Amino acid sequence: MKAVVFLALILLGGGCRSIKKPAGPPDYVVRMEVTGYCDCQQCTGWKRSFWKLGAPVYASGPQKGKRKKVGQTASGTQARKGTIAADTRHLPMGTRLYVPGYGMGIVEDRGGAIKGKRLDLFFPSHKEALEWGRQWVDVQIWR
Ligand SMILES: [Zn+2]
């Protein structure tokens with residue numbers, strides 16, 4: 001727990017989008033497996049390569065099976081820094097999260113491979129997504 005506070009202090013203000021960190025303490029702190037992604041063919045390709053048509057489509061929800069515009073989130077917004085894909089059965093759209101090393105983010109997307117204690121963080125460049133890679137971090141959650 002001490003380490004989490006320490007990390008949070010170091011990384012306070014790490015995000016560049018103006019998502020305010022809530023004043024109150026998080027409702028939950030959950031250790032999650034967090035990966036990075038960007039808009040590039042590689043990131044969207046490996047995640048959606050199982051679709052027969054090869055085109056990105058919505059994995060779930062009312063739009064299921066329809067073509068998904070690259071860069072557009074499942075909630076209809078444009079993916080940007082702070083956009084987080086989560087399992088929306090557990091973390092509904094709009095949930096605010098603090099990911100140590102990334103900053104504040106909002107659940108605005110989901111994905112077929114994003115199930116349970118998994119998050120996917122949007123990065124503006126592939127390099128940054130690669131640098132993040134895959135990490136287990138203590139994610140702070142505000143409901
Ligand atoms: Zn990429």
Side-chain angles (χ1 to χ4, degrees), residues 1 3-22 25-143:
M1 202 59 203
V4 175
V5 174
F6 183 60
L7 264 175
L9 284 174
I10 291 179
L11 301 160
L12 206 65
C16 58
R17 180 150 59 128
S18 54
I19 303 168
K20 274 202 187 127
K21 192 171 183 180
D27 296 297
Y28 304 100
V29 178
V30 182
R31 179 152 280 244
M32 298 179 91
E33 187 184 9
V34 184
T35 51
Y37 76 106
C38 78
D39 266 350
C40 81
Q41 194 66 51
Q42 214 177 318
C43 287
T44 53
W46 67 257
K47 281 205 290 188
R48 304 194 176 98
S49 57
F50 53 91
W51 296 108
K52 281 174 196 145
L53 297 173
V57 293
Y58 287 100
S60 57
Q63 306 255 60
K64 186 174 180 175
K66 283 187 188 160
R67 243 169 196 271
K68 184 180 192 298
K69 276 187 200 153
V70 171
Q72 196 183 32
T73 67
S75 59
T77 57
Q78 195 67 27
R80 54 194 165 159
K81 181 81 194 286
T83 293
I84 295 179
D87 185 339
T88 50
R89 288 170 305 176
H90 302 295
L91 297 172
M93 295 288 184
T95 302
R96 288 169 302 170
L97 308 172
Y98 181 80
V99 183
Y102 182 73
M104 282 304 295
I106 296 178
V107 177
E108 292 178 315
D109 209 353
R110 56 179 160 240
I114 311 298
K115 293 217 166 70
K117 291 180 178 178
R118 284 270 294 109
L119 290 180
D120 216 354
L121 307 175
F122 181 84
F123 286 91
S125 77
H126 190 65
K127 184 172 173 283
E128 286 169 89
L130 273 188
E131 276 168 6
W132 178 276
R134 182 181 298 269
Q135 301 182 33
W136 283 88
V137 293
D138 293 315
V139 177
Q140 299 173 32
I141 300 162
W142 285 266
R143 297 200 64 175

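Note that this is a predicted model, so its numbers are computed, not measured. Whatever order the structure lists ligands and atoms in, that order sets their numbers, starting from 1.
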Quiz item: Is there a donor-acceptor contact under 3.5 Å from the side chain of Ser75 to the main chain of Glu108?
Solution: yes
Quiz item: Relative to each other, are the rings of Phe123 and Trp132 parallel, tilted or perpendicular (30° and 60° limits)?
Solution: tilted
Quiz item: Are the side chain of Thr83 and the backbone of Phe122 linked by a donor-acceptor contact shorter than 3.5 Å?
Solution: no
Practice problem: Assess whether side-chain contact (heavy atoms from CB on, under 4.5 Å) is satisfied between Arg31 and Lys117, documenting all intermediate values. | Solution: CA-CA 8 Å; Arg31 179 152 280 244; Lys117 291 180 178 178; over 6 Å; no
Practice problem: Provide the protein N, O or S atoms situated under 2.8 Å from the Zn ion (ligand 1); waters are not included. | Solution: Cys38 SG, Cys40 SG, Cys43 SG, His126 ND1
Exercise. Test Leu91 against Leu119 for side-chain contact (heavy atoms from CB on, under 4.5 Å), laying out the working first.
Key: CA-CA 10 Å; Leu91 297 172; Leu119 290 180; 4.1 Å; yes
Self-check item: Side chains of Tyr102 and Val137 in contact at under 4.5 Å (non-hydrogen atoms)
Solution: no
